[in-house]
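Heads up: the structure comes next, in C-alpha cells.
To find a chain, count down the sequence lines: A is the first, B the second, and so on, and within it residues start at 1.
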2 protein chains.
Amino acid sequence: MTTHVIKQMEAGLSTPDTTPDKGISPDAKGAHETPERISEAEHAVMEVLWDGGTASAAQVCDAVGEERGWSLATVKTLLSRLVQKQAVATTPDGRRFLYSPMMERADYVGGESRRLVDRLFGGRAASLVAHLAQSEALTEDDLSEIADLLKDLKS
Amino acid sequence: MTTHVIKQMEAGLSTPDTTPDKGISPDAKGAHETPERISEAEHAVMEVLWDGGTASAAQVCDAVGEERGWSLATVKTLLSRLVQKQAVATTPDGRRFLYSPMMERADYVGGESRRLVDRLFGGRAASLVAHLAQSEALTEDDLSEIADLLKDLKS
DNA sequence: GAGCAATATTTACAAATGTAGTCGTTATGA
DNA sequence: TCATAACGACTACATTTGTAAATATTGCTC
C-alpha cells in the first residue's frame, strides 16, 4: 500500500527514483494553515530560487555560498525545511532534485513588510514612510523617486 | 574580591538591597558589541516601557497582559533578558525594581526598518515604498499623507 | 512573631533556527 | 566490476525564543 510513500512525502523529500507518485496533491493533508514562517537563512535560499527559477541543491549552494559560507549540508537542510513548509517544490531530475519556489517573492516581501508595519507602526504604512523620511534612511534622490512614483499612482 | 558582584551584574539582575553597588559602569565588560537583538516578545515589553517611561514588572505585566495573555513569570523573564541585553535598566525601588528603557524607540524602529529594507529591498528604501504603494498596503489617504509629508521635507 | 503576599532569581522545557555531520544508495568512470 | 563521488535522508547539537514553574527572600499584616 501507499502509506510508505505518503510518509515520505510528509517528510518533505522522497527519493526521486522510487516511483515518483504524483497522485497525491502537495497539500492533501491540510494546507491552508497560515503559511509557515520562513526564517532568515531560509529566505537567503529562496532568493536564489526566485532569481534562478529552479536549481539543484549544489547550484543553490554555489549561489548562496558567495555571501554566507554555507556547506552543502546546510543548504540541503534549509531546502528540505522549505519543502516541508511548502515554500519550495521538488521535481526529480535524474538522480537528484530540482527545487523551485512555490511562493511568489512579492507575496513574501509583502507579508514581511506588513508584519513590520503592523508591529512597529500600528499598521500604518504611511508612518513607516514618515520614519524613513525623517531618519537618514531616505536620500534626496530617494525622495524624488518616491515623489515621482506617487505622481504616477495618482494617475 | 569583586568577582561575585560582577557575576551578578553579568547575570543582569542583582538583589536591590544588597548594597546596590553602582561603582561598576553598566558596560564595564565591553558594551560596544553589536547591540544584541531584541526578540518579538521582548519588543512587546519594550513598547510598554517606551510608553510609560518606567514601570515595575507587575505594571508591565498588566499593560502587556491585555494583548498577549502573559503570566507575570513570563514578563519577568523577558525583562531580565532585556536587562542582560542592556536594553533596559533597573533602579531599586523599595523591595522591587523599576525598569526603564535604555534604548530609544526610534533607534529600535530605525534598526528594524533598515534590516528589512536591506534584506528585502537591497537597501533601497524607495523600493519598499514602491512596493507598499503597488500592493494594497497604501490607501489613497496614505498616499496623500505621504505626498504631503514629502512636500514638507522638500522644504 | 508567624504567616502571607509580593519580588526577584533560578531552573525548565519545548519549538525554531543555524549549522553541519553521517548513512545509504546509486550512477559513473577506470 | 569495483571504487568513488554525488545525492538525498536522517540525525545532531548548540543557541535563541516563548512560556512558565519553583525557590528564596522579605516587608507587611494580624
Side-chain angles (χ1 to χ4, degrees), chain A residues 4-5 7-20 34 36-46 55-62 64-65 67-85 87-99 119, chain B residues 4-5 7-18 20 34 36-46 55-62 64-65 67-85 87-99:
Chain A
H4 178 225
V5 173
K7 186 128 50 73
Q8 281 184 155
M9 295 203 68
E10 281 179 359
L13 292 170
S14 54
T15 74
D17 35 34
T18 43
T19 47
T34 349
E36 244 175 308
R37 198 72 199 301
I38 289 175
S39 82
E40 208 170 309
E42 287 158 2
H43 166 239
V45 168
M46 289 302 289
S56 70
Q59 287 169 330
V60 172
C61 187
D62 284 354
V64 90
E67 305 274 297
R68 356 274 284 226
W70 287 337
S71 79
L72 181 58
T74 298
V75 170
K76 283 181 180 173
T77 299
L78 293 173
L79 278 170
S80 72
R81 286 180 185 167
L82 286 167
V83 171
Q84 278 172 209
K85 297 184 180 178
V88 160
T90 57
T91 28
D93 172 53
R95 65 164 171 282
R96 66 184 185 173
F97 275 132
L98 293 182
Y99 300 87
R119 207 161 63 83
Chain B
H4 179 226
V5 174
K7 185 127 52 74
Q8 282 184 157
M9 298 204 67
E10 283 180 355
L13 293 169
S14 53
T15 74
D17 33 37
T18 43
T34 348
E36 244 176 306
R37 198 72 199 301
I38 288 176
S39 82
E40 209 171 307
E42 287 159 3
H43 166 240
V45 167
M46 289 302 289
S56 70
Q59 288 170 329
V60 172
C61 187
D62 284 354
V64 90
E67 305 273 299
R68 354 273 285 226
W70 286 336
S71 80
L72 181 58
T74 298
V75 170
K76 281 181 181 172
T77 300
L78 293 173
L79 278 170
S80 72
R81 287 179 185 168
L82 285 167
V83 171
Q84 277 172 213
K85 297 182 179 177
V88 161
T90 57
T91 28
D93 171 53
R95 66 165 169 280
R96 65 183 187 174
F97 275 131
L98 293 182
Y99 300 88

Please determine whether a side-chain nitrogen of the Lys or Arg among B:Glu42 and B:Arg37 lies less than 4.0 Å from a carboxylate oxygen of the Asp or Glu.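 Here B:Glu42 does not pair with B:Arg37 in a salt bridge, since their nearest N and O are not under 4.0 Å apart.
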Within the 4.0 Å heavy-atom criterion, would you say [X] contacts the bases, only the backbone, or no part of the nucleic acid?
{"X": "B:Ser71", "answer": "sugar-phosphate"}
{"X": "B:Ala41", "answer": "sugar-phosphate"}
{"X": "A:Thr77", "answer": "base"}

For A:Thr74 and A:Ser71, does a side-chain donor sit closer than 3.5 Å to a side-chain acceptor?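 Indeed, the side chains of A:Thr74 and A:Ser71 share at least one donor-acceptor pair under 3.5 Å.
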Any idea which of [options] is nearest the [X] side chain?
{"X": "A:Ser39", "options": "D:dT17, C:dT17, C:dA20", "result": "C:dT17"}
{"X": "A:Lys76", "options": "D:dT19, C:dA8, D:dG8", "result": "D:dG8"}
{"X": "B:Lys85", "options": "C:dG18, D:dT17, C:dA27", "result": "D:dT17"}
{"X": "B:Phe97", "options": "D:dC7, D:dA9, C:dA8", "result": "C:dA8"}
{"X": "B:Glu40", "options": "D:dG18, C:dA8, C:dT7", "result": "D:dG18"}
{"X": "A:Arg95", "options": "D:dG27, C:dT28, C:dT19", "result": "C:dT28"}
{"X": "B:Arg81", "options": "D:dT17, D:dA21, D:dC7", "result": "D:dT17"}

Is there a side-chain contact between [X] and [Y] (heavy atoms, below 4.5 Å)?
{"X": "A:Tyr99", "Y": "A:Ser56", "result": "no"}
{"X": "B:Val64", "Y": "B:Val75", "result": "yes"}
{"X": "A:Val45", "Y": "A:Trp70", "result": "yes"}

Could you check how far [atom1] of [X] sits from [atom2] of [N], rounded to whole Å?
{"X": "B:Glu42", "N": "D:dG18", "atom1": "CD", "atom2": "P", "result": "6 Å"}
{"X": "B:Gln84", "N": "D:dT17", "atom1": "CD", "atom2": "C1'", "result": "13 Å"}
{"X": "A:Asp62", "N": "D:dC7", "atom1": "CG", "atom2": "P", "result": "10 Å"}
{"X": "B:Trp70", "N": "D:dA21", "atom1": "CH2", "atom2": "P", "result": "15 Å"}
{"X": "B:Leu72", "N": "D:dT19", "atom1": "CG", "atom2": "C1'", "result": "13 Å"}
{"X": "A:Arg96", "N": "C:dT25", "atom1": "CZ", "atom2": "P", "result": "22 Å"}
{"X": "A:Arg37", "N": "C:dA15", "atom1": "CZ", "atom2": "C1'", "result": "15 Å"}
{"X": "A:Asp93", "N": "D:dG8", "atom1": "CG", "atom2": "C1'", "result": "14 Å"}

Assuming nearest nucleotide by heavy-atom distance, tell me which of A:Gly69 and A:Ile38 is located more 5' along DNA chain C.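 Looking at the nearest nucleotide for each, A:Ile38 comes out on the 5' side.
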For B:Ser56 and for B:Ala73, locate the closest nucleotide of DNA chain C by heavy-atom distance; then report the residue assigned to the nucleotide nearer the 5' terminus.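 Closest to the 5' end, via its nearest nucleotide, is B:Ser56.
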